Protein chains: 2
Amino acid sequence: MRFFAVLGLMLLAGKFSGELVERLGQPAVLGELVAGIVLGSSVLRVIPTGAGDPLSPIIAFLAEIGVVVLLFEIGLETDLKAMARVGAPATAVALVGVAAPFLLGFLYWVSPLHAPAPSGDATTVAIFVGATLTATSVGITARVLSDLKRMDSTEARLILGAAVIDDVLGLVILGVVSGLAAGAAVSALGVVRTLAVAVGFLVAAVALGTALAPRIFGFVNRMRVRGVLLVSAFAFLLLLAALAARAGSALIIGAFAAGIILSGTNQFEIIEKGMKPVADIFTPLFFLSIGAAVNVRAWNPLNPENHGTLAVGGALFVIALLGKLVSGWAAPWRRFNRWAVGIGMAPRGEVGLIFAQIGLTAGVLSGGLFSAILLMVIGTTLVAPPLLKWALGRWGSTGATTDPEALVA
Amino acid sequence: MRFFAVLGLMLLAGKFSGELVERLGQPAVLGELVAGIVLGSSVLRVIPTGAGDPLSPIIAFLAEIGVVVLLFEIGLETDLKAMARVGAPATAVALVGVAAPFLLGFLYWVSPLHAPAPSGDATTVAIFVGATLTATSVGITARVLSDLKRMDSTEARLILGAAVIDDVLGLVILGVVSGLAAGAAVSALGVVRTLAVAVGFLVAAVALGTALAPRIFGFVNRMRVRGVLLVSAFAFLLLLAALAARAGSALIIGAFAAGIILSGTNQFEIIEKGMKPVADIFTPLFFLSIGAAVNVRAWNPLNPENHGTLAVGGALFVIALLGKLVSGWAAPWRRFNRWAVGIGMAPRGEVGLIFAQIGLTAGVLSGGLFSAILLMVIGTTLVAPPLLKWALGRWGSTGATTDPEALVA
């Protein structure tokens, strides 16, 4: 019973807050994040986040379905050929977008700039700090681009392509960092294997899927039972996501692959139409959950205890923004809105939170440093939507909705 | 990850099994129940049902969303005025459909027919046995009627009306029986209060809701954020269901009320259309879960240990069918397909399972008697869809899809 009430309140608060924010000219996802913070652990405590609450894992699973459905929708809308045309610049953007923040974060932590001087195993902590700065939350940027109806611009393809490559790299970094946290020696072989699994899964799934899916869904389409097509597509999405995770890749990589695969079937439009209400309900739960995880008390500037955390968090926030911003200039041979791409790579969202969580659980990150990293993650996540909107309005985007090829996709 | 795989497999198995059963000329819900049994605790063990599995409560919650969404859809399609026209016969059907099985079950248990003679506090056990026979699973019948496209017949309205009244009576019986199980004295005042709360909630919610909802949803309809109408309707459904449970009524009563209320708004069609894919995904989970709870091993006729259980279960099954069947003749002043109504009231579904579960937990029902009751519950649930289809085909239904008033509703 409480579960129903909590879910109902989350959805209502998300939508009304999203509406308010959209009326103020900002992307709706911002409203969902803020609604999550307000309903979350540190303010109203409506959304359960603690390990002791039996509802926490249920809300967490629903939120995970939300991000998986979101990535599926993005995959459905992805034009593989158009994506391939931005393959080289997207790879460049991703590589710079991972390397620059990592280096800046690492150097900041071991440098004399950081006061008080880091204690303990400074190198491990510095690697962790650098790692949390590398992630890109494709979910946030994709929602913003979709809220602004720019999903078929070159910038959107570049950002999404780079973000997916980022996720693959992120998995490798996560593997290395988890190993470090566990005190294990990091082997070059292990790194290469993680990378190969993630890339291999995506390539194999899409290649095999695009060959088989049109036949399978043609067969499903001849079935008569109510909703069989949509439910089959949804089940396909869940199974591919689970398979990706099983293969050592990530749920969202599988979901993205499922979307790309089904975009090549003849039943594509029915699936997209039916999936929309499902996404409308689940996706906000993901953004609300991100917001709910934030403890705003640790950021209260009136409490002197928080000043150190706020200073480190502020420094990491600036590093995080600058590190991703330069990735916009990573592919000088192509013309696009460099500010939009750099800003689009900035939100850390859930991926950054996962990194920080591992560091905290492993004892590598202190409570204060964890709060500072959260400040960076939430800061970049909250600041990116309005900045991206501004950058797109200021310098425009390449390839508009009127591009006939994009519409066919 | 396992959660995604389980969910995907459940949905696929449910749909494909439903398709197969529908091709065999039977309602799809039967296939979902059978798929649930096959994937369930006693055969393949894909669907987690045990208390030890962390996925069990999550699947249970999703199944609960499923039945709530189903009742909401039924409420949306309900024509209140047409329902009111069958108010008197529906009440008669419900009262006979509760009284007859209860008396028959009670008498069977205390009579010499039942061998070996019941031991312990035979009267309490007999009341429990009678109570588990009273429930009607509106979900199963509604799905069958909807699968057969007979939702706007007089028979459907009668069954649904009687089933809702049955649910209200069921809550009262549940309260009494739980009190008995806890060893408490049952007061007439408590019985009257439970009844008043359940009826009062339904009347108050529908009266207040139909007055306010058109304005509220007219306002929501002017909002611009993506999916706001559907998400608001879904949240309204969840909150009303939670409120109903809070007020001492049942989740499904609140969900049914939410559907009736929103059927009176101008946005009714958009809501119904958007809710369809959501129901397509969630509703099968409910029927799969019912099937998954069944331990088919206890029914193995080759094991002599099970013979007593099978004999009692068989007797209860016959009593359950006959007791509800006579309810079809409860309103002699109206003309309708009496066999269809009597059979439509027969499936015990989840409500019977809940009763049996309480009896087992409280120690009133022995393990053998519990298995026998489950046989009755699942038997009536499996047998009702094909029998209902047969009865409707044999004697037809009153008031067809061409009834203009029904189409307006």
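Lettering of chains follows the sequences in order, A, B, ..., and the numbering in each one begins at 1. A quick note: this is a predicted structure, and the numbers were derived from the prediction, not measured.
Across A:Gly8 and B:Ala235, no two heavy atoms sit closer than the pair O-CB, 3.5 Å. Nearest heavy atom pair, residue A:Val231 against residue B:Leu11, reads CG1-CB, 3.7 Å. The minimum heavy-atom distance linking A:Pro277 with B:Gly274 is given by the pair CB-O, 3.3 Å.
Proximity of A:Ile59 to B:Phe61: side-chain heavy atoms (C-beta onward) are nowhere separated by under 4.5 Å. Side chains of B:Leu12 and A:Phe234 form no contact here, defined as non-hydrogen atoms less than 4.5 Å apart. Taking 4.5 Å as the limit, some side-chain heavy atom of B:Leu62 sits within range of a side-chain heavy atom of A:Leu62. For the pair A:Glu64 and B:Phe3, the minimum side-chain heavy-atom distance is 4.5 Å or more. A 4.5 Å side-chain heavy-atom check between B:Ile65 and A:Phe4 finds at least one atom pair inside the cut-off.
In this structure, the portion of A:Val220 lying under 4.5 Å from any heavy atom of chain B is its side chain and not its backbone. Contacts between A:Leu237 and chain B at a heavy-atom distance below 4.5 Å are absent for every atom of the residue. Only the side chain of A:Leu230 comes within less than 4.5 Å of a heavy atom in chain B; its backbone stays farther off. No part of A:Lys273 comes within reach of chain B, as not one of its non-hydrogen atoms sits under 4.5 angstrom from that chain.
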**OP:** Assess whether side-chain contact (heavy atoms from CB on, under 4.5 Å) is satisfied between A:Phe282 and B:Val278, documenting all intermediate values.
**Re:** CA-CA 10 Å; A:Phe282 281 108; B:Val278 179; over 6 Å; no
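In this structure, the side chain of A:Glu19 engages the main chain of B:Val225 through a donor-acceptor pair within 3.5 Å.
Your options are B:Lys276, B:Met223, B:Met10, and the one with the most heavy-atom pairs under 4.5 Å with chain A is B:Met223.
Classification of A:Glu73 and B:Arg226 as a salt-bridged pair holds, one side-chain N sitting under 4.0 Å from a carboxylate O.
The CD1 atom of B:Ile281 sits 5.5 Å away from atom CE of A:Met275, with the distance rounded to the nearest 0.5 Å.
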